[in-house]
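Dumping the structure here so I can ask a few things about it.
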Amino acid sequence: DKGNHRHFMVKEIHEQPEVTGRTLAHYLDLAEGRARPPEGIDFSRIDRLSITACGTAFYAGFVAKYWFERFARLPVDIDIASEFRYREQPLSKDGLAIVISQSGETADTLASLRYARVEGQRIAAVVNVRESTIAREADVVLPILAGPEIGVASTKAFTAQLAVLAATAIAAGRARGSIDDVEEARLVAAFSEVPRLMHEALRLEGQIEALARDLAKVKHCLYLGRGTSYPIALEGALKLKEISYIHAEGYAAGELKHGPIALIDEEMPVVVIAPFDRVFEKTVSNMQEVAARGGRIILVTDRKGAEAAAIDAAATIILPEMPASVTPLVYSIPVQLLAYHTAVFMGTDVDQPRNLAKSVTVE
Ligand code: F6R
């Protein structure tokens, strides 16, 4: 039931504060300021993490790489499942494999799980569907508790995956002694603000819809980000292409000058995901290179970022200020809304985009 929403996708976008709040409350003890250690994983004995998934779930894993490295000082490899299963990389005997899958049925992700098992890895599965094959075959199941996701383009499952992975990375940091009580409490407090921050992000929908009217006229679009905003740029580009059929590319902001800058002209919209964090200044200098070539910048940032950017952006979407650790969850919302409203203007079948299936059970 879509309620009073026009599509399941936008209904699911709007469910995110509630869903994320519930998922975070399951994995974090908000009152005590602690992350609940996941049963069945002893992070103090794990020396390497391999994260494997497809599509949007892969981008959740990509964000998690930054979190596990920063909070838990754990080396992390990330791989697209269709590559992982054939790549023959050496895996550590004390390694943990995390597979991420909304449906729990994606053929390549399941094959990666089986491959990791043969290679002696302990396996944790981050899934939405608890009765799925991937959940059944894993040693440890970390449910994302997002409820059924009907829109083919994943939205609430993505942010719920991020919530589980963030909480797990904090718990790993505690188990490994790389964060102390104080730091743990600070991180838990930061994540407990995410539902409220998401509500505020959703209030920007009118502005984003107006931008989408122009975006619906373009043939190509670039998304840039650094640090954890890089996977969000990738996810933004994937959302746009899969439902609006506009060609979109996500790039690490620092890679711009190594090729894609050749694409920039007055016609090229460039969505820059840039919260005012420790890499902001670097992203701004990349953005200036775009501005100097006439690119139409849509800057997604906060008040401090908008002031510091000193740039003639075509549009600035201003989110509330928040700790850097939580930006991926909140900055997902404007990129989802931008893709959604662009697709609505294009008149595509938003919930059932052409050529796509909700669950990809063939290789
Ligand atoms: C994009 C999307 C896909 C899935 C991918 C993995 O919006 O939905 O990229 O994320 O097919 O699916 P699951 O998570 O079911 O393994």
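Count residues from 1 along the sequence. We use all heavy atoms of the structure for the numbers below, so side chains are in, but hydrogens, waters and symmetry mates are not. Counting convention: from 1, in listed order, for ligands and their atoms alike.
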Inset, instruction - For this output row, return yes or no: ring centroids of Tyr115 and Phe84 closer than 6.0 angstrom. - result: yes
Legend entry - Beyond-backbone contact of Met9 with Lys239, side-chain heavy atoms, under 4.5 angstrom: yes
Legend entry - Minimum side-chain heavy-atom gap Ile98-Ile100 below 4.5 Å: yes
Inset, instruction - Decide whether Thr52 and Asp79 meet the rule of one side-chain donor and one side-chain acceptor closer than 3.5 Å. - result: no
Legend entry - Distance in Å, Thr23 OG1 paired with Glu18 CD, rounded so as to fall on 0.5 Å steps: 10.0 Å
Legend entry - Shell of residues surrounding ligand 1, defined by a 4.0 angstrom heavy-atom cut-off that is strict: Cys54, Gly55, Thr56, Ala57, Ser101, Gln102, Ser103, Thr106, Val152, Ala153, Ser154, Lys239, Glu242
Inset, instruction - Indicate, with yes or no, if the rings of Tyr230 and Tyr251 have centres closer together than 6.0 Å. - result: no
